[in-house]
Amino acid sequence: MFRLWAKEFRSNRMLRDIVVENAAPDLNRTKKIFAAMDEICYEFDLCKPIWLEHNIAEFKRIDKTRFTSDNFIETIDFDFLEIQVIEED
C-alpha cells in the first residue's frame, strides 16, 4: 500500500489535509506519486504544481517536499502545500 499525505498551511497553521492511498501493484513509485498528486489537486481544487529541482532533490532525500507560490501558475490562498510519503510498499 502506498500512502501520500498532503497538507495546506497558512501562517503556520494547517488549513486542510488529505491522505491518498494507491494499492495498484502494476504502477511504479513515480506513477503512484503523480496519480496521488492528481487526486490531491482535484480535491483541493488546485492546478498541478511544477516540480522544481529542489523539490525533486528534497523528495528523493526525505520523501517530503513543500510547494510554495513559485510552484504554481495560478495564485494560491495559502503559504505552502506539503506532501509526504507515509507508507510505501
Side-chain angles (χ1 to χ4, degrees):
M1 175 74 65
F2 176 84
R3 295 173 57 201
L4 187 73
W5 186 17
K7 303 168 273 190
E8 275 186 6
F9 285 89
R10 183 181 329 128
S11 301
N12 291 325
R13 294 181 189 257
M14 185 169 57
L15 302 175
R16 57 185 170 172
D17 69 327
I18 186 173
V19 175
V20 178
E21 297 179 355
N22 190 329
D26 58 329
L27 295 179
N28 64 22
R29 182 176 196 253
T30 303
K31 289 182 181 180
K32 288 180 183 180
I33 292 166
F34 285 121
M37 287 300 296
D38 288 345
E39 188 172 336
I40 290 163
C41 291
Y42 178 79
E43 289 295 322
F44 286 174
D45 193 27
L46 296 172
C47 66
K48 294 179 190 169
I50 298 167
W51 287 76
L52 302 174
E53 289 297 322
H54 73 275
N55 296 110
I56 296 168
E58 183 178 43
F59 197 77
K60 283 180 181 178
R61 194 174 65 243
I62 60 173
D63 289 340
K64 181 178 179 179
T65 193
R66 289 182 177 181
F67 298 106
T68 61
S69 59
D70 294 339
N71 298 91
F72 293 93
I73 294 172
E74 300 173 354
T75 58
I76 55 174
D77 60 346
F78 53 88
D79 294 335
F80 61 89
L81 172 70
E82 181 177 278
I83 62 168
Q84 177 180 2
V85 175
I86 56 175
E87 184 179 345
E88 197 162 1
D89 310 288

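The first residue of the sequence shown is numbered 1, and numbering continues consecutively from there.
- Residues satisfying the side-chain hydrogen bond (donor to acceptor under 3.5 Å, both in side chains) test with Q84, not counting sequence neighbours, are none.
- In this structure, R10 contributes its side chain and L15 its backbone to no donor-acceptor pair below 3.5 Å.
- Both F44 and W51 belong to a single network of hydrophobic side chains, linked directly or stepwise wherever heavy atoms of I, L, V, M, F, W or Y lie under 4.5 Å apart.
- When hydrophobic side chains of Ile, Leu, Val, Met, Phe, Trp and Tyr are connected at separations under 4.5 Å, I50 ends up clustered with L52, I73.
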>> Between M37 and K48, does the side-chain contact (heavy atoms from CB on, under 4.5 Å) criterion hold? Intermediate values first, please.
In response: CA-CA 7 Å; M37 287 300 296; K48 294 179 190 169; over 6 Å; no

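- Relative ring orientation between F78 and F72 is described as perpendicular, the plane-to-plane angle rising above 60° on a 0-90° scale split at 30° and 60°.
- L46 is not connected to F80 by any chain of hydrophobic side-chain contacts under 4.5 Å among Ile, Leu, Val, Met, Phe, Trp and Tyr, and they are in different clusters.
- Atom-to-atom distance recorded for D79:CG and R66:CZ is 9.5 Å, nearest 0.5 angstrom.
- Counting non-hydrogen atoms of other residues, nucleotides and ligands closer than 6.0 Å to NZ of K7 gives a total above 12.
- Under the side-chain hydrogen bond (donor to acceptor under 3.5 Å, both in side chains) criterion, K31 pairs with no residue, sequence neighbours left out.
- A side-chain contact (heavy atoms from CB on, under 4.5 Å) with W5 is found for exactly one of I40, D17, I18, V20, namely D17.
- D26 CG: more than 12 foreign heavy atoms inside a 6.0 Å radius.
- There is no path of hydrophobic side-chain contacts, each under 4.5 Å, that joins M14 to L81.
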